Engineer: 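There's a structure below that I have some questions on.
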Amino acid sequence: MPDVSPRPPLTLRMRAEDNVAIVANDGGLAAGTVLPEGVPGAGLALLDKVPQGHKVALRDIAEGEAVLRYGVPIGYALKSISAGSWVHERLLQMPSARALEGLPIATVKPPAAEPLEGFTFEGYRNKDGSVGTRNILAITTTVQCVSGVVAQAVARIKAELLPQFPSVDDVIGLEHSYGCGVAIDAPDAIIPIRTLKNIALNPNFGGEVMVVSLGCEKLQPARLLPPGSFPITDERDPASGPETICLQDDSHVGFMSMLDDILNSARPHLERLNARKRETVPASELVVGVQCGGSDAFSGVTANPAVGFCADLLVRAGATIMFSENTEVRDAVEQLTSRAATPEVADAIIRELGWYDRYLDRGRVDRSANTTPGNKAGGLSNIAEKAMGSIIKSGSSAISHVLSPGEKLRRDQRGLVYAATPASDFICGTLQLAAGMNLHIFTTGRGTPYGLAECPVVKVATRTDLARRWHDLMDINAGRIADGEATIEETGWEMFRLLLDVASGRKKTWAEHWKLHNSLVLFNPAPVT
Ligand code: CA
């Protein structure tokens, strides 16, 4: 073994009231190690060897007493635990699984945080008041059948038209698998349909709606975008519905006529987008979606807490921050309902998670409520602790609104929002785009090259090792928190400032730099035919 000088012992505590902290050091800490000044538990001698990512008791914990991490009970001591002991899962009585009845409703009243004023970014103000962080022409499609044609048209627009419109960042086709072969009248079909509609209205697209349709599909343009239900930017009668290029139209003779038609339609949209200029807007116009994927034991220790700190900054700045991922928050539902700003918000959380329970039940699966052996080896004692590691992305503010899948935020819905979505990275990102996201934060431990064409994605590594190996894919290294080189607060502020730079177009994310774009993936709980 090469002799590398070990880092000083480092423990990480999530909240001041926690009676356990996490050992950050590679290889853990040996019994007898004395925790140094400046870290939680300073002066304490470890009674056991404590592996990396695992918990050490910071004070004596009596039998039956709550073990507090993230400021909440993650279990109850099965016997008395002395300060300095390794608090492993065999010492803990798991909190009982929560049904959706009898939950604490809006019981936690987070103190009103001091407003954060004076932070701005350079964005594209839209007619409806929303603000884009990018200036993109997005071509909406009603059905998968047209995707190949739209892809060819987009390639030609980029080659022939885009160089004439330097203020337009990109042209994209909103390709998806929906539109035909689906039970479009099933009650749950409202979810994919409103998702597609609301993505067309994402603030990064400047209100310029242009649709390519096949003609015979179930999802007709007027069903996707009913006349009068969305703003029209050109001179047409609002009652006429969306501007549509229909491939089956009799006027199309040959493939080239379809492409020419799409190019001709794109030109005025590009002209209007190109005339827009970035202007200084308050940070309150950010609509940030957060999620995690490829998580590891450090997700809940480094990256997610830093996102949570940043989330609190965003709320203090009057911005909107959305967190999601039903299956990852389900086992900490009482943390959500208790942090709801009002009983109505708590009821909406219960309604959404109850709907999702029944959705999973229809597929005869459960939500795999048990942690994996890998989770336990990494220090996560049980699902309550794992869920808290995910929920911590939401920070400490009250939850002010809840969105059903595919719904769009109203302009007056600010602050911390729970957007109820599956945890699948692509489905979650797609639904957050529909909600009106103009910036995306994504934390990862194992590593993923995830990116979206529609919106910048800021990726946060949970470990320095990943940030080092994926140095041109990760935008922020939250692993420095575990290295003792940065605090959660410093990393949260770094993230907040980076968000303003990326929103302003002053910086590009690595996913933008390399044009790493994942597909839109619709959440369609309705049958296909
Ligand atoms: Ca995810």
Side-chain angles (χ1 to χ4, degrees), residues 124 132-141 144 146-159 161-162 165 168-179 192 195-196 198-206 208 210 212 262 266 269-270 273 287-294 322 324 421-444 446-461 470-476 498-499 502-503 505 507-523:
Y124 294 99
T133 61
R134 295 293 180 269
N135 193 27
I136 298 171
L137 175 61
I139 301 175
T140 294
T141 62
Q144 167 64 212
V146 305
S147 295
V149 174
V150 169
Q152 297 277 343
V154 166
R156 269 190 60 188
I157 293 169
K158 283 184 174 180
L161 298 183
L162 202 53
F165 304 104
V168 181
D169 291 312
D170 204 1
V171 179
I172 59 178
L174 298 174
E175 185 194 334
H176 58 84
S177 58
Y178 201 72
T195 301
L196 288 171
N198 289 331
I199 288 177
L201 305 177
N202 183 279
N204 284 353
F205 307 151
E208 297 292 333
M210 130 176 206
V212 177
I262 296 173
H269 292 288
L270 289 166
L273 288 172
V287 182
V288 181
V290 302
Q291 67 159 321
C292 46
M322 278 183 281
S324 296
T421 81
S424 155
D425 297 352
F426 326 102
I427 294 177
C428 174
T430 299
L431 292 169
Q432 289 184 340
L433 282 172
M437 165 171 77
N438 57 18
L439 217 48
H440 200 10
I441 303 177
F442 194 104
T443 70
T444 182
R446 307 289 299 171
T448 167
Y450 176 88
L452 294 172
E454 295 81 7
C455 167
V457 179
V458 171
K459 287 209 295 298
V460 185
W470 288 32
H471 59 90
D472 51 4
L473 290 164
M474 294 290 139
D475 299 292
I476 291 182
L498 180 64
L499 290 179
V502 169
K507 279 189 182 160
K508 280 188 172 180
T509 66
W510 280 115
E512 284 185 293
H513 175 83
W514 298 120
K515 299 190 188 331
L516 299 175
H517 299 155
N518 287 107
S519 298
L520 298 178
V521 181
L522 292 174
F523 179 41

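Residue numbers run from 1 in the order of the sequence given. Please read all numbers here as calculations on a predicted model, not as lab measurements.
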Engineer: Going from CG on Leu439 to CD on Gln432, what distance comes out if it is rounded to the nearest 0.5 angstrom?
Structural biologist: 11.5 Å
Engineer: Using side-chain heavy atoms (C-beta onward) and a distance below 4.5 Å, is Val168 in contact with Leu162?
Structural biologist: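 A side-chain contact under 4.5 Å exists here.
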Engineer: With salt bridge (Lys or Arg N to Asp or Glu O under 4.0 Å) as the rule and sequence neighbours excluded, what pairs involving residues 147-158 come up?
Structural biologist: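 For residues 147-158: Arg156-Glu160, Arg156-Asp260, Lys158-Asp170.
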Engineer: Between Val288 and Val458, is any pair of side-chain heavy atoms under 4.5 Å apart?
Structural biologist: no
Engineer: Indicate yes or no for a side-chain donor-acceptor contact from Thr133 to the backbone of Asn438 under 3.5 Å, with no hydrogens or angles considered.
Structural biologist: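 At least one qualifying donor-acceptor pair exists.
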Engineer: Applying ring pair (Phe, Tyr, Trp, His ring centres under 6.0 Å), can you list everything that pairs with His513, at least two apart in sequence or on another chain?
Structural biologist: Trp510
Engineer: Ser519 and Phe426: which non-hydrogen atoms are nearest, and at how many Å?
Structural biologist: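 Taking every non-hydrogen atom into account, O-CB, 4.2 Å.
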Engineer: Restricting to non-hydrogen atoms, name the atom on Gly206 and the atom on Leu273 that form the minimum distance, rounded to 0.1 Å.
Structural biologist: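 Closest approach of Gly206 to Leu273: CA-CD2, 4.1 Å.
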Engineer: Heavy atoms, side chains only, cut-off 4.5 Å: are Gln291 and Ser324 in contact?
Structural biologist: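 With C-beta onward as the side chain, the pair stays apart.
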Engineer: Could you tell me the separation between the CG atom of Leu522 and the OG1 atom of Thr195, rounded to the nearest 0.5 Å?
Structural biologist: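 Reported value, rounded in 0.5 Å steps: 6.0 Å.
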Engineer: CG of Leu270 to CZ of Phe165: how many Å apart, nearest 0.5 Å?
Structural biologist: 5.0 Å
Engineer: With a 4.5 Å heavy-atom cut-off, do Asn518 and Asp425 have their side chains touching?
Structural biologist: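 A side-chain contact is absent here, since even the closest heavy-atom pair is not under 4.5 Å.
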Engineer: When rounded to the nearest 0.5 angstrom, what distance separates CD1 in Ile199 from CG in Leu431?
Structural biologist: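 So the CD1 of Ile199 and the CG of Leu431 are separated by 7.5 Å.
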Engineer: Are the side chain of Lys459 and the backbone N or O of Tyr450 linked by a donor-acceptor pair below 3.5 Å?
Structural biologist: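 Checking the backbone N and O of Tyr450 against the side chain of Lys459, a donor-acceptor pair under 3.5 Å is found.
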Engineer: Backbone N or O of Tyr178 within a donor-acceptor pair of the Gln144 side chain at under 3.5 Å?
Structural biologist: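 No; zero donor-acceptor contacts below 3.5 Å.
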Engineer: Sub-3.5 Å donor-acceptor pair from the side chain of Asn202 to the main-chain atoms of Met437, do we have one?
Structural biologist: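 Yes; judged by distance alone, with no hydrogens or angles, the pair exists.
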Engineer: Are Trp470 and Thr444 side-chain neighbours, meaning at least one heavy-atom pair lies under 4.5 Å?
Structural biologist: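 They are not in side-chain contact.
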Engineer: Does Glu454 reach the side chain of Arg134, with side-chain heavy atoms less than 4.5 Å apart?
Structural biologist: no
Engineer: Any side-chain heavy atom of Val149 sitting closer than 4.5 Å to one from Val212?
Structural biologist: no
Engineer: Measure from the side-chain N and O atoms of Asn204 to the backbone N and O of Gly132, and report whether any donor-acceptor pair falls under 3.5 Å.
Structural biologist: no
Engineer: Could you tell me the separation between the CG atom of Leu473 and the OG1 atom of Thr509, rounded to the nearest 0.5 Å?
Structural biologist: 10.5 Å
Engineer: Do you know which two heavy atoms are closest between Cys292 and Thr443, and how far apart they sit?
Structural biologist: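 Here Cys292 and Thr443 meet closest at CB-OG1, 2.9 Å.
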Engineer: Keeping Thr141 on the side-chain end and Leu174 on the backbone end, is there a donor-acceptor pair under 3.5 Å?
Structural biologist: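 Checking the backbone N and O of Leu174 against the side chain of Thr141, a donor-acceptor pair under 3.5 Å is found.
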Engineer: Going from CG on Leu452 to OG1 on Thr430, what distance comes out if it is rounded to the nearest 0.5 angstrom?
Structural biologist: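 It is 7.0 Å, given to the nearest 0.5 Å.
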Engineer: Not counting sequence neighbours, which residues clear side chain to side chain donor-acceptor pair (under 3.5 Å) with Asp475? List them please.
Structural biologist: none
Engineer: Just wondering, do Ile262 and Gln152 contact through their side chains at under 4.5 Å, heavy atoms?
Structural biologist: no
